[in-house]
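For reference, the structure is listed below as structure tokens.
What you see is a predicted model, and the numbers here were worked out from it, not measured in a lab. First listed ligand is number 1; within each ligand, the first listed atom is number 1. The first residue in the sequence is number 1, and the count goes up from there.
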Amino acid sequence: MQEWSLTVDRFMEGAARWHGTTEIVTRYPDGTMLRSNYTGLHERARRISQALRQAGVRQGDKIATLASNSLDHLAVWYGVMGIGAICHTLNPRLHDDQLAFIANHAGDTWLFVDGVLAEQADRLRARASGIGTIIIINEIGYDGQFPHLEDFIAGHDADCPWGGFDERLTAGLCYTSGTTGDPKGIAYTHRSNTLHAMNTIAPDGFGLSALDVILPVVPMYHANTWGLAFSGPAVGAKLVMPGPQLDGGSLHSLIEAEAVTFAAGVPTVWQGYVDHLSDQGIGRTSLQRVVIGGAACPPALLTALEALGAKVTHAWGMTELSPVGLVATPTPSALALPEPDQRDLALKQGRPIGIDARIVDEGGSELPRDGVSVGLLEVRGPAVIERYVGHDQSALSADGWFDTGDIASIDEHGYVRITDRAKDIIKSGGEWISSVDVENALLTHPDVALAAVIGIAHDKWGERPKLYVQLRQSLTDRDGRDFKTTFRDYLAARIARWWVPDDVEIIDEIPIGATGKIDKKVLRELHETGGQSAC
Ligand code: AMP
């Protein structure tokens with residue numbers, strides 16, 4: 001067979017060659033739409049490569065981005081990776097201190113930034129001395145001092161060689177959000193990204209094809225866009241890049257205007273989407289398939305999306321895995337089950353896609369796949385981390401498995417169910433309470449927008465659950481209502497009595513972290529300081 005290194009530039013080369021007229025659409029922050037296609041994107045990416053090379057950028061240099069999902073962000077992504085440099089996607093929702101830590105730790109030297117984030121970039125450059133050059137992408141509304149991408153590539157042609165290097169070179173860098181300790185870096189190689197993309201494209205993964213119109217709601221800075229920046233071009237699907245506006249109304253207009261068939265994002269985003277449609281009395285979506293991951297998909301959300309006509313696929317992953325590891329697609333044995341049992345399986349996190357998985361007890365012994373035994377979820381595979389950036393020590397166990405920090409069971413059909421993050425699970429009177437199960441039970445209540453359960457110290461039981469609730473915005477008759485009793489009674493009818501939280505607090509807004517997930521660390525601080533509202 002031919003020597004054919006698995007470098008990600010091949011995805012964009014193939015898209016331009018075989019799907020050149022397929023559209024890529026971007027929405028700017030001001031709502032303006034920009035339309036191009038794979039031929040245009042490929043050429044722009046190559047010109048960026050040429051300009052970078054002529055400015056002295058070499059293999060292994062770290063080029064950061066601070067940007068939402070857009071065509072130009074994609075062009076920079078491929079322009080950097082195509083020449084063997086490393087694209088480091090920074091998360092604009094992180095605090096200045098974290099961004100400075102991450103940029104310095106990674107050794108970033110260039111920064112491509114959205115016009116609307118230029119001030120944040122300027123603050124970052126003041127604290128990350130390695131960043132020599134800032135280039136503005138998506139420049140609408142920006143008239144500051146930094147050069148625009150257009151000026152940077154002016155005079156540069158697209159005649160720049162791509163690839164031709166070892167597939168084990170690092171292509172991209174992403175840091176975990178660091179909810180405990182400093183953020184940690186994960187270096188994705190060309191090979192791992194390629195294999196991960198191929199796995200997620202397959203029917204048992206996301207099932208992507210050239211017929212799809214893909215909306216990557218999940219940002220490029222959140223764990224590699226869950227691979228969509230590679231898998232979309234790999235199949236030649238139309239891409240709809242949403243920019244920074246991910247509220248329900250903005251997503252709805254984009255989905256309908258561009259006839260989006262496939263989208264992926266975290267539950268809070270989809271909750272905003274279904275709430276918007278419900279408030280507007282809209283009963284259908286042109287979306288055909290939605291992948292929900294990053295946090296557990298509440299059953300009520302699955303029901304709401306399916307009622308709109310979209311098929312929901314639950315998936316699980318983490319930054320350390322590139323990131324997708326489990327997808328809840330059907331197997332023959334699952335399809336042979338009665339309808340309610342099939343739905344239970346669809347609500348589990350799924351079965352291994354491109355990875356191997358096992359659950360172990362605290363001593364490291366593998367537990368049976370009986371759907372009942374619960375243990376630490378460990379994984380291994382060609383797109384799973386071996387060690388964090390800059391760490392001397394491997395992140396793996398002695399026998400080569402990565403501990404995900406998640407608690408799970410695996411059933412006889414091979415479906416994994418995550419009960420909690422190890423640090424979120426609540427131990428009460430020596431027994432486990434799954435915070436996810438309590439939250440999911442309450443989320444079916446019509447007055448509840450978001451719910452989060454944390455464990456708090458208790459003299460007798462060790463820990464007891466405490467429930468925080470954000471009420472629906474549309475709820476007007478709030479005054480004088482005893483929500484605490486209402487919600488406790490509602491839960492008591494649905495979960496074990498001793499799981500019902502003793503304490504219920506209604507807050508204005510449940511805190512959302514940098515990747516759009518509920519931030520329980522802030523709730524714990526809120527509880528400890530006795531504060532009223534985190535926001
Ligand atoms: P991150 O690296 O920020 O994407 O976070 C990874 C973590 O998110 C995992 O270790 C899980 O705890 C959580 N997570 C991701 N997907 C799911 C899911 N479908 N259900 C429950 N938790 C999830």
Looking at ligand 1, does [X] have a heavy atom less than 4.0 Å from it?
| X | value |
| --- | --- |
| Ala223 | no |
| Ala315 | yes |
| Pro323 | no |

Please report the closest heavy-atom contact between Thr444 and Ala441, naming both atoms and the distance.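 Heavy atoms only, the tightest pair is OG1-O, 2.8 Å.
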Check Leu94 against Ala514 and note the closest heavy-atom contact, atom names and distance.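 Looks like CD2-CB, 3.5 Å.
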Whether the Ser322 and Asn224 side chains hold a donor-acceptor pair (N or O, under 3.5 Å, no angle test) is what I'd like checked.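 Short answer, no.
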Short list, please: which atoms of ligand 1 are under 4.0 Å from a heavy atom of [X]?
| X | answer |
| --- | --- |
| His314 | 18 (C), 19 (N), 20 (N) |
| Arg421 | 9 (C), 10 (O), 12 (O) |
| Lys517 | 1 (P), 3 (O), 4 (O), 5 (O), 6 (C), 7 (C), 8 (O) |
| His222 | 3 (O), 4 (O) |
| Gly294 | 8 (O), 13 (C), 14 (N), 15 (C), 16 (N), 17 (C), 23 (C) |

Evaluate the criterion salt bridge (charged side-chain N to carboxylate O under 4.0 Å, His left out) for residue pair Arg369 and Asp411; output intermediate values, then yes/no. CA-CA 5 Å; Arg369 293 192 229 156; Asp411 66 24; over 6 Å; no
Answer side chain, backbone, both or neither: which part of Asp406 comes under 4.0 Å from ligand 1, heavy atoms only.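 The part of Asp406 near ligand 1 is the side chain, not the backbone.
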Is Met318 touching ligand 1 with its side chain, its backbone, both, or neither, if touching means heavy atoms under 4.0 Å apart?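 Both the backbone and the side chain of Met318 come within reach of ligand 1.
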Trp499 vs Glu431, test: side-chain contact (heavy atoms from CB on, under 4.5 Å). Steps then yes/no. CA-CA 10 Å; Trp499 282 31; Glu431 300 284 342; over 6 Å; no
Just wondering, more than 12 heavy atoms not from Glu362 lying within 6.0 Å of its CD?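 12 or below, so no.
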Measure the acute angle between the ring planes of Phe230 and Tyr78, then classify it against the limits of 30° and 60° as parallel, tilted or perpendicular.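 Phe230 and Tyr78: perpendicular rings.
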